[in-house]
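Just follow the structure's listing: the first ligand is 1, and inside any ligand the first atom is 1.
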Amino acid sequence: MNRLRPLLIVGTRPEAIKMSPVIKECRDRPREIDAIVCSTGQHREMLQQVADYFEIKIDLDLGLMRPNQTLAGLTARCLTGLEDAINKYNPDCVVAQGDTTTVMAASLAAFYHRIPFVHVEAGLRTGDLQAPWPEEMNRRVAGIVADLHCAPTQRAADALLSEGTRPDIVQVSGNTVIDALLWTVARERNNAEQWEEKYAFLQDRRMVLITGHRRENFGGGFENICQAISTLAADFPETDFVYPVHLNPNVQAPVKSVLGALSNVHLVAPAPYPEFVWLMDRSSVILTDSGGVQEEAPSLKKPVLVMRDTTERPEAVESGAVELVGTSIEAITQGVSTLLSDAAEYSKRQIDDNPYGDGRAARRIVDGMLAMSWQSTQTLRRAG
Ligand code: UD1
Ligand code: UDP
């Protein structure tokens, strides 16, 4: 039997987290799969943290990150770098996850080379090209060219079908982030001394965990977010606010200038994944604009307030675990204050079943790839 040779692409922190179960599943099946992993290096330190933790062996690192990179510049570097990777490895298919520049460029590079493209976490839509920006466009481009769409939920699959995607190339797999989270929680819950020691200053006080990095929030949005956190820190002096600050300079500058001197606001470096999972588990409330965090937190029974006006992940909002609060100072402060003061409202946000997955998404995705039998045509192409 010919082994399938997928070229698995990662570029940013969340892609590395969400692709690691797929990479592991491929590497656990060496008789069927000859997996090659390429990083565009869209992120550097934040991707390396994840690769180290999940022991992802990266076969080719394009090292493309530049400080304060532009979307166009990064896209151009990704396209040419990924073309070189495709020429080097001549894969049977290209696989990428999500909605970043890396993913959009991977899908286009595969399309230009007439190589099947597998889109992991397919079918999420807000319907608004400006939010999330530019991710909604990235995800749609990947969806146009994909030859296998791995939708995390039935709703995402339905969105693809309603756009005219052939049903035989859409599968509902669950989200691989739940595979990664459950694996990490099981591994780390008995192994948390280092994080307990690092965060010993929290004592037994309540903690609000914060992340934020969306481009559409740069400028006024971030100023509001920081002002709201500053107000909350004054209103709840017995609560700690822990904020691992994304390395993007457009995030670092406003966060450090508004929040840097507040005694119960703790600005820390981006946390390695097991540390961040421990922080989510330790928190009372999570305030974020992250996609992945709002998918993970319901599994830990943590209420999430999302600092966005719209979401491509409505399932958790409908379940009650997630509330969209936008980026106005009033809405953020009101949302957090309610959760810190109203126990009945708090417990309503703790749900039993996470709508994003059961921890077995990677197996379904890899089975789906193998069922497509792309390797036979490509092997002929390689031979010819
Ligand atoms: C990117 C993705 C976004 C995703 C986010 C996850 C795009 C357009 N955006 O946004 O969808 O939600 O990653 O975190 O693909 N930086 C470092 N070291 C790092 C990572 C980033 O210094 O390890 C700094 C660099 O100055 C870099 C800047 O952050 O230029 C922006 O990185 P970039 O990947 O372009 O955007 P993100 O905001 O991280
Ligand atoms: N995360 C992490 N360390 C942090 C912040 C987040 O490991 O300091 C993890 C988080 O658990 C989730 C993922 O990174 O799995 C989300 O990444 P991010 O918020 O950067 O991107 P998004 O999901 O919004 O694309």
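Checked by distance only, ligand 2 and T211 stay at 3.5 Å or farther apart across all their nitrogen or oxygen atoms. The shortest N or O to N or O distance between N138 and ligand 1 is not under 3.5 Å. Looking at ligand 1, you won't find any N or O of T100 less than 3.5 Å from one of its N or O atoms. Between S290 and ligand 2, an N or O atom pair is found at a separation short of 3.5 Å. For ligand 1, the polar-atom distance check against Q69 finds a nitrogen or oxygen pair separated by under 3.5 Å. Polar contact check, R44 against ligand 1: a nitrogen or oxygen pair lies under 3.5 Å apart. When only interatomic distances are considered, the shortest N/O to N/O separation between E45 and ligand 1 falls below 3.5 Å. For H246, no nitrogen or oxygen atom sits less than 3.5 Å from a nitrogen or oxygen atom of ligand 2, counting backbone and side chain alike. By the 3.5 Å distance cut-off applied to N or O atoms, L74 is not counted among the residues near ligand 1.
Listed by number with element, the atoms of ligand 2 under 4.0 angstrom from any heavy atom of G291 are 22 (P), 23 (O), 24 (O). Heavy-atom proximity to A271, at under 4.0 Å, picks out these atoms of ligand 2: 2 (C), 3 (N), 4 (C), 7 (O), 8 (O). If you number the atoms of ligand 2 from 1 as listed, the ones under 4.0 Å from a heavy atom of H213 come out as 18 (P), 19 (O), 20 (O), 21 (O), 22 (P), 24 (O).
Remark: minimum distance from atom 20 (O) of ligand 2 to any protein heavy atom is reached at R13 NH2, 2.8 Å.
Judged by the shortest distance from any of its heavy atoms, Q48 lies outside the 4.0 Å radius around the atoms of ligand 1.
Ion pairing of E163 with R140 is absent here, as no side-chain N (NZ or NE/NH1/NH2) approaches a carboxylate O to less than 4.0 Å.
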